[in-house]
Amino acid sequence: MAWSSSSSTPQEKHDVFLSFRGEDTRYTFTGHLHATLTRLQVKTYIDYNLLRGDEISSSLLKAIEEAKLSVVVFSKNYGNSKWCLDELVKILECKRTRGQIVLPIFYDIDPSHVRNQTGTYAEAFVKHGQVDRAQKWREALREAANLSGWDCSVNRMESELIEKIAKDVLEKLNRVYVGDLDQQIAKYEQLAQLQHQFFQSIPSHENWKSHQATVQRVTELKMERSVRMLRMSPDMLSHLGQSDNYNYF
């Protein structure tokens, strides 16, 4: 688990960044979601720093950049925090420049209030006044609210909802880690099938060797896929003697 950005200890490498309004969900929804992600062995960065200024810290910006997926928990008071709004702007910047996945969650708030800055979000912008970055905040809220996400106002058990969200996060992360391999595996399997058909029509040692080499490549790629799905650290792979081949951590 990755701890608060205010800590002096080094951060563990993480896959997911959690953006949330502490006073709304730290000890409820977000805390429970973080616990569920941890149980599923998803390394998640959560900032427990209770004392925040108006400017987002450089260490937190770095934490956002290093994540492969950001979960944004929109709640009634999310828009009251300049810190949260700056996080959101940075998260969407990483979506555009780094391909980061962004998963919005609407907790005790109508998504339209986020999208159109109405209700408590309208009140928040009145409090913020005429600040230079207000337009960026508005654009970020609109963009994020239009992304596919989760609406927690649906009538269901919160524990069940959190479990579904956590598994959705895990599935999305898995696609990040193995998506390119899945494409390669599919192409090599098609090639192997064609080579087998060719061998049946023109049996020869060379044709059989070509087919077997392709089958072997499929096996190697599937093994690499399995390793990626485990998201093992390089030191855990060192005993294989080939850890240099696994540079996706």
Looking at [Y], is its backbone amide N or carbonyl O close enough to the side chain of [X] to form a donor-acceptor pair, meaning the two atoms are under 3.5 Å apart?
{"X": "Asn146", "Y": "Arg142", "value": "yes"}
{"X": "Glu189", "Y": "Val218", "value": "no"}
{"X": "His34", "Y": "Thr30", "value": "no"}
{"X": "Arg156", "Y": "Leu161", "value": "no"}
{"X": "Asn77", "Y": "Glu23", "value": "no"}
{"X": "His14", "Y": "Ala63", "value": "yes"}
{"X": "Glu87", "Y": "Ile56", "value": "no"}
{"X": "Ser112", "Y": "Asp110", "value": "no"}
{"X": "Gln135", "Y": "Asp132", "value": "no"}

How many angstroms lie between atom [atom1] of [X] and atom [atom2] of [Y], to the nearest 0.5 angstrom?
{"X": "Ile109", "Y": "Ser153", "atom1": "CD1", "atom2": "OG", "result": "10.0 Å"}
{"X": "Asp15", "Y": "Tyr45", "atom1": "CG", "atom2": "OH", "result": "14.5 Å"}
{"X": "Thr25", "Y": "Asp108", "atom1": "OG1", "atom2": "CG", "result": "10.5 Å"}
{"X": "Thr44", "Y": "Leu37", "atom1": "OG1", "atom2": "CG", "result": "4.5 Å"}
{"X": "Gln200", "Y": "Ile202", "atom1": "CD", "atom2": "CD1", "result": "12.0 Å"}
{"X": "Lys187", "Y": "Gln190", "atom1": "NZ", "atom2": "CD", "result": "9.0 Å"}

Might you point out which heavy atoms bring [X] and [Y] nearest each other, and give the distance in Å?
{"X": "Ile162", "Y": "Leu33", "result": "CG2-CA, 3.8 Å"}
{"X": "Ile64", "Y": "Cys94", "result": "CG2-SG, 4.1 Å"}
{"X": "Gln195", "Y": "His211", "result": "OE1-CA, 3.4 Å"}
{"X": "Ile91", "Y": "Ser19", "result": "CD1-CB, 3.8 Å"}
{"X": "Pro111", "Y": "Ala145", "result": "O-CB, 4.1 Å"}
{"X": "Ala144", "Y": "Pro104", "result": "O-CG, 3.5 Å"}

Regarding [X] and [Y], does a basic nitrogen lie under 4.0 Å from an acidic carboxylate oxygen?
{"X": "Lys136", "Y": "Glu93", "result": "no"}
{"X": "Asp24", "Y": "Lys76", "result": "no"}
{"X": "Lys82", "Y": "Asp86", "result": "no"}

>> Measuring only between side-chain heavy atoms, which start at C-beta, is His113 closer than 4.5 Å to Thr120?
In response: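 A side-chain contact is absent here, since even the closest heavy-atom pair is not under 4.5 Å.
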> Hey, does Gln212 have a side-chain heavy atom less than 4.5 Å from the side chain of Gln216?
Replying inline: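 They are not in contact (no side-chain heavy atoms under 4.5 Å apart), so the answer is no.
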> Hey, is CZ on Phe29 packed in by over 12 heavy atoms from elsewhere, all under 6.0 Å?
Replying inline: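 Count over threshold, so yes.
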> So which of Trp150, Phe74, Tyr78 actually passes ring-ring contact (aromatic ring centres under 6.0 Å, His included) with Phe106?
Replying inline: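 That would be Phe74; it is the only one of Trp150, Phe74, Tyr78 passing the ring-ring contact (aromatic ring centres under 6.0 Å, His included) with Phe106.
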Going hydrophobic residue to hydrophobic residue with side-chain gaps under 4.5 angstrom, can you get from [X] over to [Y]?
{"X": "Val176", "Y": "Val169", "value": "yes"}
{"X": "Leu40", "Y": "Leu173", "value": "yes"}
{"X": "Ile185", "Y": "Val215", "value": "no"}

>> Between Val71 and Phe20, is the side-chain contact (heavy atoms from CB on, under 4.5 Å) condition met? List the steps.
In response: CA-CA 8 Å; Val71 175; Phe20 62 100; over 6 Å; no
>> side-chain contact (heavy atoms from CB on, under 4.5 Å), that's the test. Do Leu147 and Lys95 meet it? Break it down for me.
In response: CA-CA 11 Å; Leu147 297 174; Lys95 176 180 178 293; 3.8 Å; yes
> Which word best sums up how the rings of Phe199 and Trp208 line up, parallel for under 30°, tilted for 30 to 60°, or perpendicular for over 60°?
Replying inline: tilted
>> Using 30° and 60° as the class boundaries, would you call the ring planes of Phe125 and His128 parallel, tilted or perpendicular?
In response: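 Rings of Phe125 and His128: perpendicular, as their planes differ by over 60°.
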> How would you list, by chain and number, every residue that makes a salt bridge (charged side-chain N to carboxylate O under 4.0 Å, His left out) with Arg98, sequence neighbours excluded?
Replying inline: Glu65
>> Leu141 vs Gln117, test: side-chain contact (heavy atoms from CB on, under 4.5 Å). Steps then yes/no.
In response: CA-CA 8 Å; Leu141 289 167; Gln117 293 97 63; 3.6 Å; yes
>> The test is salt bridge (charged side-chain N to carboxylate O under 4.0 Å, His left out); show your working for Glu220 and Arg217 and say whether it passes.
In response: CA-CA 5 Å; Glu220 292 170 354; Arg217 183 57 181 151; 3.3 Å; yes
